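Here the structure is a predicted model, which is why all the values come from computation and not from measurement. Only this structure's heavy atoms are used, side chains among them; waters, hydrogens and symmetry mates stay out.
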Amino acid sequence: MEITVWRWQSEVESDTMAVKVRISYEKPQELHTVTEMLKPIIKSCKADKGENGRFKKAYLEVNISAENAQKSVNSPLI
């Protein structure tokens, strides 16, 4: 499984940071595990319908409050 953060932006009207995450996975259980962990902060989740190939992809948009955002790459999101 591979998780990639590819875009983020701070929303001016609120103290949140919107982050877009792409998840490549082989088994549906892998996606389920990740979405369960991130459930409190997920704004939307869209899985590709294409079943061709070994890996499937899902795209998540998560909102992270400014006080929970960490500057370190190794720090958890929530």
Next on the checklist: Between Ile41 and Asn63, does the side chain to side chain contact (heavy atoms under 4.5 Å, CB included) criterion hold? Intermediate values first, please.
Outcome noted: CA-CA 5 Å; Ile41 60 172; Asn63 286 329; 5.7 Å; no

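Pairs passing the salt bridge (charged side-chain N to carboxylate O under 4.0 Å, His left out) check and including a residue from residues 24-41, sequence neighbours excluded, read Glu26-Arg54, Glu36-Lys39.
The OH atom of Tyr59 sits 6.0 Å away from the CZ atom of Arg22 when rounded to the nearest 0.5 Å. Distance check: Asp48 CG to Lys56 NZ gives 11.0 Å after rounding to the nearest 0.5 Å. We find the CG-SG distance between Leu31 and Cys45 to be 5.5 Å, quoted to the nearest 0.5 Å. Note: Leu60 CG to Ile23 CD1 = 4.5 Å, rounded to the nearest 0.5 Å.
Tested against Met37, the residues Val34, Thr33, Thr35 include a single side chain to side chain contact (heavy atoms under 4.5 Å, CB included) partner, Thr33.
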